Amino acid sequence: AAFRELGVFGTAGEKQTAESLMAQCNIADTYRHLLGRWLEKLAAEGLLTQDGESFVSAKPLPETGLDSILNEARATLADVPTLLNYVEGCGSRLAAVLTGKESPLETLFPGGEYTVVEYIYRDWAVARYFNSIARSVIEAAQNAKSGKALRVIEIGAGTGGTSSALLPALSPDSVYYYTDVSDFFLARAGQNFKDYAFARYSLLNIEQDPQAQGYTLHSFDVVVAANALHATRNLHQTLQNAKSLLAPGGLLVLYETTDHQSWFDITTGLIEGWQLFEDDLRTDNPLLSAEQWLAAFKANGFDEAIALPEPGSAADVLRQHILVARAPLTGQGAESAEPEWERTRTSQVA
């Protein structure tokens, strides 16, 4: 439907590549990978024929009879109407987003509302399940501190879907840094989590050196990131930067989608961060499998790592995981560095 709206593949024998589509339809280079997946999908469905890097229409792409499909979906997915509305909303905007007439953020924040993202990342049963696993990891880390304050930093905290599960599990003497690349989310988070006096809000771009951004090296017991690290250009560098924040033996706790599902190509695949990957770990989409994440942890110097749920679990069908990796116990200094906030607090007390 989007290609028809863009005026391509409307005649028999028309040949296109991702590059020619970008030029002809004025589509941003950002969407090169996405267009490639669209073309391959249509070829797999028999609607196009692949000829090397080109795709040819044996006949015009058909008119899409979406009404019957949507009615079936509305009945089948009656228990997740927000998710269904999100997919429908994205579908109706595909051509406009690709050509820059609409912002992809409008798909996640329609009319500036947070209903969609809060449902997907906080209220949906799938999100609640995985956030509860992350919470259990945090509780175990806190118990292991034997009464000492747990120092936690969340990368790309966004709208706080995972934060809302973790903050209630922490003791009042904990330190929780809620970070993102933009101030867009920080002020709202400060209001939403105002009951947690130990929470602090600050900017952090994990693609860059955290120390250069004012963060003390090796000063956190736990680094958390929920569906954030895959949205970076080079995961090797990202993991090194995240590891630099961890004290010896500290934990990296990731909540990541670990399988690329086809419906992502008309939803989350529109978001800019989904297109950034440039490393040797990803090919045509930004996601890694659980096994690939574990290998990436090992390659980047983490001591041990696990993926939850474990292989063979009935929850494998959800195609998401909580990934936990431990920083080395040695090699980063015998003691973790004194964080900037500890020095400030000490000087204030003195």
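For clarity, every value in this text was computed on a predicted model and none was experimentally measured.
- Of all non-hydrogen atoms in F302 and L252, the two that sit nearest each other are CZ-CD2, 3.8 Å.
- Y121 and V181 fall into different hydrophobic clusters, where Ile, Leu, Val, Met, Phe, Trp and Tyr residues are linked whenever their side-chain heavy atoms come under 4.5 Å apart, directly or through other members.
- Atom CZ of R326 is separated from atom CD1 of I306 by 11.0 Å, given to the nearest 0.5 angstrom.
- Rounding to the nearest 0.5 angstrom, the gap separating the NE2 atom in H321 from the CG atom in L308 is 8.0 Å.
- There is a side-chain donor-acceptor pair under 3.5 Å between N241 and Q237.
- By the rule that hydrophobic residues join a cluster once side-chain heavy atoms approach within less than 4.5 Å of another member, L94 and L108 end up as members of one cluster.
- Taking 4.5 Å as the limit, every side-chain heavy atom of Y86 sits out of range of all side-chain heavy atoms of V80.
- Defined by atom type and a distance below 3.5 Å, a donor-acceptor pair is missing between the side-chain atoms of Q24 and S20.
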Could you walk me through whether E256 and L288 pass the side-chain contact (heavy atoms from CB on, under 4.5 Å) test, one step at a time?
CA-CA 8 Å; E256 282 283 346; L288 299 184; over 6 Å; no

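- Side-chain atoms of E106 come within 3.5 Å of backbone atoms of G111 as a donor-acceptor pair (strictly under, hydrogens ignored).
- Between the side chain of Q142 and the main chain of A169, a donor-acceptor pair closer than 3.5 Å is present.
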Residue pair V152, V175: steps toward the side-chain contact (heavy atoms from CB on, under 4.5 Å) verdict
CA-CA 6 Å; V152 182; V175 175; over 6 Å; no

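- How far OG1 of T268 is from NE2 of H230: 7.0 Å, rounded to the nearest 0.5 Å.
- By the rule that hydrophobic residues join a cluster once side-chain heavy atoms approach within less than 4.5 Å of another member, F3 and L270 end up as members of one cluster.
- In this structure, CZ on F220 lies 6.0 Å from OH on Y177, to the nearest 0.5 angstrom.
- In terms of modelled atom types and a separation under 3.5 Å, the side chain of T179 and the main chain of E154 share a donor-acceptor contact.
- From M22, atom CE reaches atom OG1 of T17 across 7.5 Å, with rounding to the nearest 0.5 Å.
- Side-chain atoms of L105 and E272, non-hydrogen and from C-beta on, never get closer than 4.5 Å to each other.
- Atom-to-atom distance recorded for Q275:CD and N285:CG is 10.0 Å, nearest 0.5 angstrom.
- Between E63 and R4, some side-chain heavy-atom pair lies under the 4.5 Å cut-off.
- A donor-acceptor distance shorter than 3.5 angstrom exists from the side chain of S132 to the backbone of Y129, with no hydrogens or angles considered.
- A 4.5 Å side-chain heavy-atom check between S57 and Q16 finds every atom pair outside the cut-off.
- Counting only heavy atoms from C-beta outward, the side chains of L6 and I27 approach each other to under 4.5 Å.
- Remark: the backbone N or O of P286 is not paired with any side-chain donor or acceptor of W274 at under 3.5 angstrom.
- At most 12 heavy atoms of other shown residues, nucleotides or ligands fall within 6.0 angstrom of atom NZ in K41.
- Hydrophobic clustering of Ile, Leu, Val, Met, Phe, Trp and Tyr side chains at less than 4.5 Å, counting indirect connections, keeps I206 apart from L287.
- Ring geometry, F109 versus F184: the interplanar angle exceeds 60°, so the pair is classed perpendicular (tilted spans 30 to 60°).
- The minimum heavy-atom distance linking N131 with L166 is given by the pair O-CD2, 4.5 Å.
- With hydrogens and angles disregarded, no donor-acceptor distance shorter than 3.5 Å links the side chain of R233 to the backbone of E207.
- At least one donor-acceptor pair closer than 3.5 Å links the side chain of H218 to the backbone N or O of S244.
- Here the side chains of L77 and L83 are not in contact, with every heavy-atom distance at 4.5 Å or above.
- Side-chain contact between L39 and F9 is present, with at least one heavy-atom pair separated by less than 4.5 Å.
- Ring orientation note: the planes of Y178 and F193 are tilted relative to one another, at an angle of 30° to 60°.
- E118 places no side-chain N or O within donor-acceptor distance of the main-chain N or O of T159, the cut-off being under 3.5 Å.
- Between the Q191 side chain and the A187 main chain, no donor and acceptor come within less than 3.5 Å of each other.
- Between the side chain of D279 and the backbone N or O of R282 there is at least one donor-acceptor pair closer than 3.5 Å.
- Within 6.0 Å of the CD atom in E310, the count of heavy atoms belonging to other residues, nucleotides or ligands does not exceed 12.
- Under the 4.5 Å side-chain heavy-atom criterion for ILVMFWY residues, a single connected hydrophobic cluster contains both V317 and F264.
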Verify side-chain contact (heavy atoms from CB on, under 4.5 Å) between I138 and L150, making sure each step is shown before the conclusion.
CA-CA 9 Å; I138 295 297; L150 190 70; 4.1 Å; yes

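- Summarising the geometry of N227 relative to T257, their closest heavy-atom pair is OD1-N, 2.9 Å, with the distance given to 0.1 Å.
- Taking each heavy atom of Y201 and L186 in turn, the nearest pair found is CD2-O, 4.2 Å.
- Judged by distance alone, the side chains of Y215 and S202 do bring a donor and an acceptor atom under 3.5 Å apart.
- By the neighbour-count criterion of 12 heavy atoms within 6.0 Å, atom CD of E53 is sparsely surrounded, having that number or fewer from other residues, nucleotides or ligands.
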Could you walk me through whether L98 and C25 pass side-chain contact (heavy atoms from CB on, under 4.5 Å), step by step?
CA-CA 9 Å; L98 262 60; C25 303; over 6 Å; no

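- Screening T107, L276, V97, T30 for a side-chain contact (heavy atoms from CB on, under 4.5 Å) involving I271 leaves a single residue, T107.
- In plain terms, the two heavy atoms of A127 and Y255 that are nearest each other are CA-OH, 3.6 Å.
- Two residues are said to be in side-chain contact when any heavy atoms from C-beta on lie closer than 4.5 Å; N85 and Y119 fail this criterion.
- Nearest heavy-atom pair across E40 and D284 is OE1-OD2, 4.5 Å.
- Within 6.0 Å of CD on Q240 lie more than 12 heavy atoms contributed by other residues, nucleotides or ligands.
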